[in-house]
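Remarks on the structure that follows.
Computed over heavy atoms, backbone and side chain alike; hydrogens, waters and symmetry mates excluded.
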Amino acid sequence: MLETVSQWSDFNVAMAGASAALAGLVIVAASVNIQKIVSAGTLTARLAAAIATLVLALVVSAVGLVPGIDLLWYGLVTIVVALGAAWFQAHATRVVMRDPQQRARVAKSALGILPIAAYLAAGSMMAQGLTGGLMLAAAGCLVAIVSAILVSWIVLVEVLR
């Protein structure tokens with residue numbers, strides 16, 4: 001099993017670097033208009049969820065690089081970190097759903113939920129010793145990056161309207 005996790009090291013190195021860089025860029029971009037973002041509760045919650053999703057991708061990729069980690073521990077860590085990101089997404093979903101001025105509420109929420117669901121399923125599979133969880137974690141990572149970029153872009157455009 002250890003050999004299986006180590007086969008993903010190149011992918012994990014690339015994704016850890018990409019997600020860390022993107023998280024930093026999102027934070028810097030948001031800081032330019034932080035007063036406007038903070039004054040709009042939905043934007044703050046959605047941006048926090050996007051950053052949490054990037055951190056999820058970063059942590060899961062980095063944990064996959066830990067020498068000697070087995071599927072059980074990799075899966076358990078993936079689940080714990082995904083639950084942390086899920087808290088931010090649940091908060092963002094509640095805020096968006098309560099705001100009557102929000103359009104496309106379900107789409108805005110689903111965009112953030114999809115990568116977290118993929119990571120939870122991946123973690124569960126890995127914890128059970130199923131190597132297919134590694135492929136699902138990779139898919140979750142890619143979806144997390146795309147999702148976070150889209151949400152961040154939308155938030156930054158909305159703040160300038």
Test item: Asp70 side-chain N/O and Trp73 main-chain N/O as donor-acceptor pair under 3.5 Å:
yes
Donor-acceptor pair, side chain of Gln128 and main chain of Ser124, under 3.5 angstrom:
yes
Mind telling me whether Trp8 and Phe11 have parallel, tilted or perpendicular rings, with 30° and 60° as the class edges?
perpendicular
Quick check: closest heavy atoms across Ala118 and Leu136, and the distance to 0.1 Å?
O-CG, 3.7 Å
Taking a hydrophobic cluster as the set of Ile, Leu, Val, Met, Phe, Trp and Tyr residues connected by side-chain heavy atoms closer than 4.5 Å, whether directly or through intermediates, do Tyr74 and Met135 fall within one such cluster?
yes
Go through it in stages, so that I can follow the logic: the residues are Ser39 and Gln35, the test is side-chain hydrogen bond (donor to acceptor under 3.5 Å, both in side chains), and I'd like the CA-CA distance, side-chain angles, deciding distance and then a yes or no.
CA-CA 6 Å; Ser39 66; Gln35 288 181 333; over 6 Å; no
Indicate yes or no for a side-chain donor-acceptor contact from Ser61 to the backbone of Leu58 under 3.5 Å, with no hydrogens or angles considered.
no
Taking Ser31 for the side chain and Val28 for the main chain, is one N or O donor matched with an acceptor at less than 3.5 Å?
yes
Less than 4.5 Å apart, side chain to side chain, heavy atoms only: is that true for Leu120 and Leu83?
yes
What pair of heavy atoms forms the shortest contact from Ala57 to Cys141, and how long is it?
CB-SG, 4.0 Å
Closer than 3.5 angstrom, by distance alone: can the side chain of Ser147 be matched with the main-chain N or O of Leu111 as a donor-acceptor pair?
yes
Minimum heavy-atom distance Ala45-Ala92, with the two atoms named
O-CB, 3.5 Å
For Ala127 against Leu76, the heavy-atom pair lying closest together:
CB-CD2, 4.3 Å
Rounded to the nearest 0.5 Å, how far does CG of Leu156 lie from CG of Asn33?
7.0 Å
To check you understand the geometry: which heavy-atom pair defines the closest contact between Thr53 and Ala144, and what is its length?
CG2-CB, 3.4 Å
Between Ser19 and Leu54, the two heavy atoms sitting closest are CB-O, 3.7 Å
Do any N or O atoms from the side chain of Ser152 and from the backbone of Ala148 form a donor-acceptor pair under 3.5 angstrom?
yes
Leu56 side, atom CG; Ile51 side, atom CD1 - distance, nearest 0.5 Å:
13.5 Å
Taking C-beta and beyond as the side chain, do Lys36 and Leu43 meet within less than 4.5 Å on heavy atoms?
no
Is any side-chain heavy atom of Val95 less than 4.5 Å from a side-chain heavy atom of Arg46?
no
Close side-chain approach of Leu47 and Val151, heavy atoms under 4.5 Å:
no
Is Val81 reachable from Tyr119 through a run of hydrophobic residues whose side-chain heavy atoms are each under 4.5 Å from the next?
yes
Do Val143 and Ile145 land in one hydrophobic cluster if side-chain heavy atoms of ILVMFWY residues count as linked below 4.5 Å?
no
Under 4.5 Å between side-chain heavy atoms, counting indirect links through other Ile/Leu/Val/Met/Phe/Trp/Tyr residues: same cluster for Val146 and Leu22 or not?
yes
To which residues is Val13 joined in a hydrophobic cluster, defined by side-chain heavy-atom contacts under 4.5 Å among Ile, Leu, Val, Met, Phe, Trp and Tyr, whether direct or through other members?
Leu65
Cluster overlap Val66 with Met15, hydrophobic side-chain contacts below 4.5 Å:
yes
Backbone of Gly123 reached by a side-chain donor or acceptor of Thr78 within 3.5 Å:
no
I'd like to check Leu134 versus Met126 (side-chain heavy atoms, cut-off strictly below 4.5 Å). Are they in contact?
yes
